[in-house]
Amino acid sequence: MKTGQKAPLPEPPDPPEGPSARRLLTGDLDLPAVELAQRLIGVMLLCEGVGGVISETEAYGRDDAASHSFRGPTLRNRSMFAGAGAVYVYRSYGLHWCFNIVARDAGAVLIRALEPRSGVDLMRQRRGRTDHLATGPGRLAQALAINIRHDGHDATAEPFALLDRLQEPDILMGPRIGINRERDRPWRFGLKGSRWLSRPIPAGGEPIAASVPRKEWESLP
DNA sequence: ATTATGATGCTCT
DNA sequence: GAGCATCATAATT
């Protein structure tokens, strides 16, 4: 019998998604932030061919005090006002880059984690380690070499690619991480059962029907 | 296992 | 000067 030792994690194989997945277009991204955040779970994100399957997202709405767009356009957040499908990149805590895809009406979806699938060796090299390659927004950006120079680019065009999922995933929801305002909104979404999450989704964050928006979350009290 | 803390740069008050 | 949509390391149960 085994001791309590945890088994080393097998590294992910290359391209299971294959070339058959449809590439998402700007029109696919023109959704309210809460819907887009769910729509992107299971989608493959690549930057110059390096990336994997999105496993965790967070939605930030226009009328959401936790959102960078809440107080209107500024130099930093101008990409959030560039229309759905734009890339919004900002620096976090002075050290890390965070990658967002802009949703409808100056909302955005923070891509918080993905399952490495393509270019894993390069991701390891950039991260300087073999595990925890893209679980967490700062780690993800480092692994994909995303930085401020990508701000304002089109998420559906080179160097980026979004390849659609082939099946509707089961999605968990929970409170967003690292914010102090609007803590009550369960706008963090994760692929059910995935180990590629920055943190587990707390129990009680019940599964929701994949990609079905809940209107009651969309309006402010 | 969980909690604390320092690093670091930019935007807005 | 305050406050971050964070992460890695160290200290502590």
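Below, chain A is the first sequence line, B the second, and so on; all start at residue 1. Worth knowing before you read on, the calculation uses all heavy atoms, side chains too, and leaves out hydrogens, waters and symmetry mates.
Arg126(A) places no side-chain N or O within 3.5 Å of a backbone atom of Leu133(A) that could act as its donor or acceptor partner. Side chain of Arg165(A) to backbone of Ile41(A): a donor-acceptor contact under 3.5 angstrom is found.
Summarising the geometry, the separation between CZ on Phe99(A) and C1' on dA5(C) is reported as 15 Å, rounded to the nearest angstrom. The distance from atom CG of Asn147(A) to atom C1' of dG9(B) is 15 Å, rounded to the nearest whole Å. Counting to the nearest Å, the C1' atom of dT2(B) and the CZ atom of Arg199(A) are 11 Å from each other. In this structure, Arg71(A) atom CZ and dT13(B) atom P are separated by 6 Å, rounded to whole Å. One atom, CG of Leu95(A), and another, P of dC7(C), lie 10 Å apart when rounded to the nearest Å. If you take CZ of Arg78(A) and C1' of dT11(B), they are 13 Å apart, rounded to a whole angstrom. dT6(C) atom C1' lies 14 Å from atom CG of Asn100(A), rounded to whole Å. One interatomic measurement links the two molecules: CG of Leu140(A) to P of dC7(C), which rounds to 9 Å at whole-angstrom precision.
An OP1 or OP2 oxygen of dA5(C) is reached within less than 4.0 angstrom by no side-chain nitrogen or oxygen of Arg181(A). Distances shown here put every side-chain N or O of Ser198(A) at or beyond 4.0 Å from the OP1 or OP2 atom of dT6(C). Contact annotation: Arg91(A) side-chain N/O to dA5(C) OP1/OP2 distance is not under 4.0 Å. For the pair His132(A) and dC7(C), the criterion of a side-chain N or O lying under 4.0 Å from OP1 or OP2 is not met. In this structure, Arg127(A) reaches the dA8(C) phosphate: one of its side-chain N or O atoms is under 4.0 Å from OP1 or OP2. Between Asn77(A) and the phosphate of dT11(B), there is no side-chain N or O to OP1/OP2 separation shorter than 4.0 Å.
Between Phe160(A) and His150(A), the ring centre distance stays below 6.0 Å. Centroid-to-centroid, the aromatic rings of Tyr60(A) and His68(A) stay 6.0 Å apart or farther.
Applying the side chain to side chain contact (heavy atoms under 4.5 Å, CB included) test between Leu29(A) and each of Val109(A), Val102(A), Ile101(A), Asp154(A) identifies Ile101(A) as the sole match.
A salt bridge links Arg176(A) and Asp64(A); the closest N-O separation between the charged side-chain nitrogens and carboxylate oxygens is under 4.0 Å. Looking at Arg149(A) and Asp151(A), no side-chain N of the basic residue comes within less than 4.0 Å of a carboxylate O on the acidic one, giving no salt bridge.
Residues Glu115(A) and Ser194(A) bring no donor and acceptor atom of their side chains to less than 3.5 Å of each other. For the 3.5 Å distance criterion, the side chains of Arg127(A) and Gln142(A) qualify, holding a donor opposite an acceptor.
Applying a 4.0 Å cut-off to non-hydrogen atoms, none of the residues of residues 148-157 of chain A approaches DNA chain C.
Mapping Arg129(A) and Ile179(A) onto DNA chain C by nearest heavy atom places Ile179(A) closer to the 5' end of the strand.
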Base-pair map of DNA chain C as dot-bracket, where | denotes pairing with a different strand and pairs are Watson-Crick or G-U under 3.5 Å: ||||.|||||||.
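Across dC12(B), dA5(C), dC7(C), the shortest atom-to-atom separation from the side chain of His96(A) is found for dC7(C). Of all nucleotides listed (dA8(C), dT11(B), dA5(C)), dA8(C) comes nearest to the side chain of Arg139(A).
Between the side chain of Tyr93(A) and the base of dA5(C) there is no donor-acceptor pair of N/O atoms closer than 3.5 Å.
Remark: Arg112(A) is not positioned above the aromatic ring of Phe189(A), lacking an NZ or CZ atom under 6.0 angstrom from the ring centre and at most 45 degrees off the axis.
Counting any heavy atom pair closer than 4.0 Å across all strands shown, Arg76(A) reaches sugar-phosphate atoms only and no base atom.
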